[in-house]
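Accompanying notes for the structure given below.
Because the structure is predicted, anything quoted here is derived from the model rather than measured. Just follow the structure's listing: the first ligand is 1, and inside any ligand the first atom is 1. Nothing fancy with the numbering, it's 1 onward along the sequence.
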Amino acid sequence: MISSVFPVRLGVNIDHVATIRQARGGFDPDPLAAAHLARLAGADQIVLHVREDRRHANETDLRRFRETVSLPVNLEMALTEEMAGLALSFSPERVTLVPEKRTERTTEGGLVLTPDYLKALDSFSRRCMEKGIRVSLFMDPDPEMLGRIPVFGVDQVELHTGSYSQAFGTSREGEELARLSAAATQVARQGLILAAGHGLTLFNLPRILGLPGLAEVNIGHSIIARAVLFGIRDAVSEVRSLLLAPFGGGSR
Ligand code: PXP
């Protein structure tokens with residue numbers, strides 16, 4: 001189902017390209033090259049998450065993106081002094097605030113908006129506003145938590161679709177989709193732009209596109225996973241051709 005007169009924007013998260021690079025500690029594969037290719041393929045923005053432990057993307061990636069990628073950059077980050085400093089010095093078009101646990105494999109849930117967090121958010125979003133950086137919050141489809149989003153300083157909510165993606169194809173799918181749908185309606189009522197992300201794939205995405213008012217999806221793991229698989233044939237053939245070259249070339 002189509003929910004908007006505008007196509008839903010696609011943010012491509014290149015963290016997992018950086019994860020492969022970090023496995024060897026060198027320069028390949030370069031997330032910047034991936035960002036340029038994603039742009040040529042139609043991505044609307046590049047997403048990267050600079051984590052406290054720098055397990056994938058880092059500030060050098062962020063700097064190179066800002067200097068050479070003509071797409072908007074969406075920096076995912078935890079609200080810490082260090083990350084706030086990074087965001088304010090590199091001025092990405094958007095910051096998406098996410099919770100971060102050092103031991104988690106990926107961002108496991110949405111933000112918990114405690115009074116202390118909201119105080120820090122207020123100060124950060126004011127500084128972002130001065131720099132023209134827009135602020136999005138990564139939230140679970142939880143009405144009570146969504147209701148705590150301040151009216152000032154935040155213009156977008158990215159709904160965490162992880163529970164839906166895990167429930168996809170099971171008896172819980174409808175229930176998770178209904179939670180997202182109710183949250184989407186609430187986000188619109190609160191006057192915020194709606195994005196969605198986490199665990200989205202070519203298969204579970206179509207139903208997400210029916211969320212009322214959806215403006216943007218951010219996808220990482222499944223795009224990089226498919227890129228690895230679809231690229232294997234060519235990568236192996238290149239080496240095979242080199243090995244066969246002394247024998248007149250050709251392939252098996
Ligand atoms: N959006 C946010 C806020 C995220 O934290 C992540 C994971 O880094 C994604 C989107 C992308 O999730 P996935 O890699 O599962 O597509």
Side-chain angles (χ1 to χ4, degrees), residues 8-20 22 31 34-35 38 43-58 61-62 65 71-80 83 87 92-113 121 133-142 145-146 149 154-168 176 180 183-184 187 192-209 211 214-229:
V8 171
R9 289 194 306 272
L10 172 62
V12 175
N13 180 319
I14 51 67
D15 288 343
H16 293 297
V17 177
T19 302
I20 301 173
Q22 296 309 100
D44 296 298
Q45 74 173 350
I46 298 301
V47 185
L48 79 165
H49 185 173
V50 178
R51 283 178 174 267
E52 189 195 356
D53 63 8
R54 307 297 194 274
R55 71 173 77 155
H56 35 61
N58 56 41
D61 295 318
L62 179 58
F65 280 31
L71 285 180
V73 168
N74 178 354
L75 172 64
E76 292 178 9
M77 52 169 260
L79 185 47
T80 62
M83 290 303 154
E93 278 73 15
R94 177 170 291 290
V95 155
T96 299
L97 295 175
V98 300
E100 193 173 296
K101 290 191 214 122
R102 196 172 268 228
T103 50
E104 70 189 356
R105 272 198 209 161
T106 177
T107 313
E108 285 163 1
L111 291 167
V112 177
L113 301 180
L121 172 61
I133 305 169
R134 294 186 299 153
V135 177
S136 180
L137 302 183
F138 195 36
M139 303 291 296
D140 288 319
D142 170 350
M145 204 53 77
L146 289 169
I149 295 173
V154 172
D155 74 336
Q156 177 169 300
V157 166
E158 179 170 339
L159 287 178
H160 194 307
T161 50
S163 298
Y164 159 75
S165 72
Q166 280 179 354
F168 183 70
E176 291 297 341
L180 286 169
V187 166
L192 297 161
I193 303 167
L194 179 68
H198 207 278
L200 294 179
T201 69
L202 212 47
F203 307 105
N204 65 26
L205 182 60
R207 297 199 74 184
I208 288 295
L209 297 181
L211 291 180
L214 183 70
E216 174 181 307
V217 289
N218 292 302
I219 306 180
H221 185 266
S222 72
I223 287 180
I224 305 306
R226 286 174 73 81
V228 167
L229 289 184

| field | Check ion pair Arg51-Asp53 (N to O, under 4.0 angstrom) | value | no

| task | Answer yes if the side chains of Asn58 and Gln22 hold a donor-acceptor pair under 3.5 Å, and no otherwise. | result | no

| Glu93 and Asn74 side chains, donor-acceptor separation under 3.5 Å | no

Check ligand 1 against the protein and report each N/O to N/O distance under 3.5 Å, formatted as atom name, atom name, distance.
from     : atom 1 : to     : atom 2 : distance (Å)
ligand 1 : 1 (N)  : Glu76  : OE2    : 3.3
ligand 1 : 1 (N)  : Glu158 : OE2    : 2.5
ligand 1 : 5 (O)  : Glu76  : OE1    : 2.9
ligand 1 : 5 (O)  : Thr107 : OG1    : 3.3
ligand 1 : 8 (O)  : Glu76  : OE1    : 3.3
ligand 1 : 14 (O) : His221 : N      : 2.8
ligand 1 : 15 (O) : Gly199 : N      : 2.8
ligand 1 : 16 (O) : Gly220 : N      : 2.8
ligand 1 : 16 (O) : His221 : N      : 3.4

| query | Which residues satisfy the side-chain hydrogen bond (donor to acceptor under 3.5 Å, both in side chains) test with Asp140, sequence neighbours excluded? | reply | none

| With sequence neighbours left out, what residues match Gln166 under side-chain hydrogen bond (donor to acceptor under 3.5 Å, both in side chains)? | none

| message | Holding to salt bridge (charged side-chain N to carboxylate O under 4.0 Å, His left out), I want the full list of residues that pass it with Glu100, two or more places apart in sequence or in another chain. | response | none

